[in-house]
J.: 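I have a structure I would like to understand better, so I am pasting it below and will then ask my questions one at a time.
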2 protein chains.
Amino acid sequence: MLVEATVYAKDCPSRQLLDRIGDTWSVLIVALLADGPLRYTELAHRIPGISPKMLTQTLRALERDGLVTRTVYPVVPPRVDYALTSLGRSLLGLVGALQQWAEKHIADVVEARSAYDARG
Amino acid sequence: MLVEATVYAKDCPSRQLLDRIGDTWSVLIVALLADGPLRYTELAHRIPGISPKMLTQTLRALERDGLVTRTVYPVVPPRVDYALTSLGRSLLGLVGALQQWAEKHIADVVEARSAYDARG
DNA sequence: CAGTATCCGTACCGATACTG
DNA sequence: CAGTATCGGTACGGATACTG
């Protein structure tokens, strides 16, 4: 299969997409921005436990990938809005599919785990 | 302090699903098993660069989550088959959706990246 | 407010050698 | 064949202090 020549290579874009999707914070942020732009601290408050370092890092990565825009308003105090691009919005379907699968099957997974752990 | 009953809690099942999906090897293995069961070394050969450690570790995790079955045949030399469960097969739709998004939009992402890097 | 800078532990991961 | 065991690097992520 030719697929092997692509997905399995570390430098393949599709591989990097998987890494991005797999990144916890990225998916959460995209989901949070679904309803409209949010400011830095608004995001921080909605993602308990994220450090400023990771928030900035993730936002920069999303911006670099063209999924999110960063808009700086030259006011005091500073105001920076983050919003999904159309490319970013195109990811919402995928995120929704993920959520739906989770809602539908998570119970089975949890059950499978305890069964597995019970056996040792 | 309120405990978040959502995706944002580390111990939330949906969060762990994301971790699993995000895991490179997991998704690849599920995709490879789509066409039928494979043996340990068959998987190893189709995933260039994976170490026995990671292959075993990932397979065990998939088995624990009820996504994959591990069947040992008491023969010499040993034969072990890995196959998707129905729960595992239910993930194939998601994997397909991921592939489709990638095929459709990866070019945009790559372009966004070089534009971003060009600006600094 | 919206970040940067720094330090530091750890958990992951690859490589390798060995076994039933 | 199908793994297990062990070691070691490293990169990731958390906590914290500081800044324009």
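Residue numbers begin at 1 in each chain, while the letters A, B, ... track the order of the sequences.
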J.: So, OP1 or OP2 of dA2(C): does either fall under 4.0 Å of a side-chain N or O from T41(A)?
T.: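 Indeed, a polar side-chain atom of T41(A) lies that close.
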J.: Quick one: R20(A) CZ to dC12(D) P, roughly how many Å, whole number?
T.: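 In whole Å, dC12(D) P lies 12 Å from R20(A) CZ.
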J.: Closer than 4.0 Å, any side-chain N/O of R70(A) to the OP1 or OP2 of dG3(C)?
T.: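 Yes, within the criterion.
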J.: Quick check on dA2(D): is either OP1 or OP2 less than 4.0 Å from any side-chain nitrogen or oxygen of R60(B)?
T.: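 Checking dA2(D) against R60(B), no side-chain N or O comes under 4.0 Å of OP1 or OP2.
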J.: Between dC12(D) atom C1' and D19(A) atom CG, what is the distance in whole Å?
T.: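 It works out to 13 Å between those atoms.
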J.: Under 4.0 Å between a side-chain N/O of Y82(B) and OP1 or OP2 of dC1(D), yes or no?
T.: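 Y82(B) to dC1(D) OP1/OP2: no side-chain N or O under 4.0 Å.
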J.: According to the Watson-Crick and G-U wobble definition with distances under 3.5 Å, which dot-bracket string, read 5' to 3', encodes DNA chain D, using [ ] for crossing pairs and | for pairs with another strand?
T.: ||||||||||||||||||||
J.: Could you state the atom-to-atom distance from CG of D81(A) to P of dA2(C) in whole Å?
T.: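 Going from CG in D81(A) over to P in dA2(C) covers 8 Å.
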J.: Expressed as a whole number of angstroms, how long is the span from W25(A):CH2 to dG14(D):C1'?
T.: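 These atoms are roughly 10 Å apart.
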J.: Taking side chain as C-beta onward, heavy atoms only, is L91(B) less than 4.5 Å from I21(B)?
T.: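 When only atoms from C-beta onward are counted, I21(B) and L91(B) do touch, with a gap below 4.5 Å.
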J.: Please name the pair of heavy atoms, one in S26(B) and one in T58(B), separated by the smallest distance, quoted to 0.1 Å.
T.: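 In this case the closest contact between S26(B) and T58(B) is OG-CG2, 3.5 Å.
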J.: Between L84(B) and V30(B), what is the shortest heavy-atom contact and its length?
T.: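 Shortest heavy-atom contact: CD1-O, 3.8 Å.
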J.: Do V109(B) and L17(A) come within less than 4.5 Å of each other through their side chains, counting heavy atoms only?
T.: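 Side chain of V109(B) against side chain of L17(A), heavy atoms only: no contact under 4.5 Å found.
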J.: Taking OP1 and OP2 of dC1(D), is either one under 4.0 Å from a side-chain nitrogen or oxygen of R39(B)?
T.: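 So the side chain of R39(B) is outside the cut-off, no N or O lying under 4.0 Å from OP1 or OP2 of dC1(D).
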J.: Please give, in whole Å, the distance from dG13(D) C1' to L59(A) CG?
T.: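 In whole Å, dG13(D) C1' lies 16 Å from L59(A) CG.
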J.: Would you give a per-nucleotide map of nucleotides 15-20 of chain D, 5' to 3', where B means the base has a protein non-hydrogen atom under 4.0 Å away, S means only the sugar-phosphate does, and - means neither?
T.: BB---B
J.: Counting only heavy atoms not in E111(B) (residues, nucleotides, ligands), do more than 12 fall under 6.0 Å from its CD?
T.: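 12 or below, so no.
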J.: Considering only heavy atoms from C-beta outward, does the side chain of R60(A) approach that of T56(A) to under 4.5 Å?
T.: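 Yes, side chains in contact.
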J.: Measure from the side chain of M54(A), starting at C-beta and using heavy atoms only, and say which of dG13(D), dG3(D), dC1(C) lies closest.
T.: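 My answer, after comparing the listed nucleotides, is dG13(D).
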J.: Heavy-atom distance under 4.5 Å between the side chains of T69(B) and D81(B), does that happen here?
T.: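 No - every pair of side-chain heavy atoms lies 4.5 Å or more apart.
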J.: Can you check whether R70(A) reaches L59(A) side chain to side chain, under 4.5 Å on heavy atoms?
T.: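 No. Closest side-chain heavy atoms not under 4.5 Å.
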J.: Rounding to a whole Å, what distance do you find between D23(B):CG and dC12(C):C1'?
T.: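 After rounding, the reported distance stands at 11 Å.
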J.: dA2(C) C1' sits how many Å from L43(A) CG, rounded?
T.: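 Value for this atom pair: 12 Å.
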J.: Could you state the atom-to-atom distance from CD of Q57(B) to P of dA15(C) in whole Å?
T.: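 Rounded to the whole Å, the gap is 15 Å.
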J.: When you measure from the side chain of W101(A) to the backbone N and O of S90(B), does any donor-acceptor pair fall under 3.5 Å?
T.: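 Yes, W101(A) side chain to S90(B) backbone: donor-acceptor pair under 3.5 Å.
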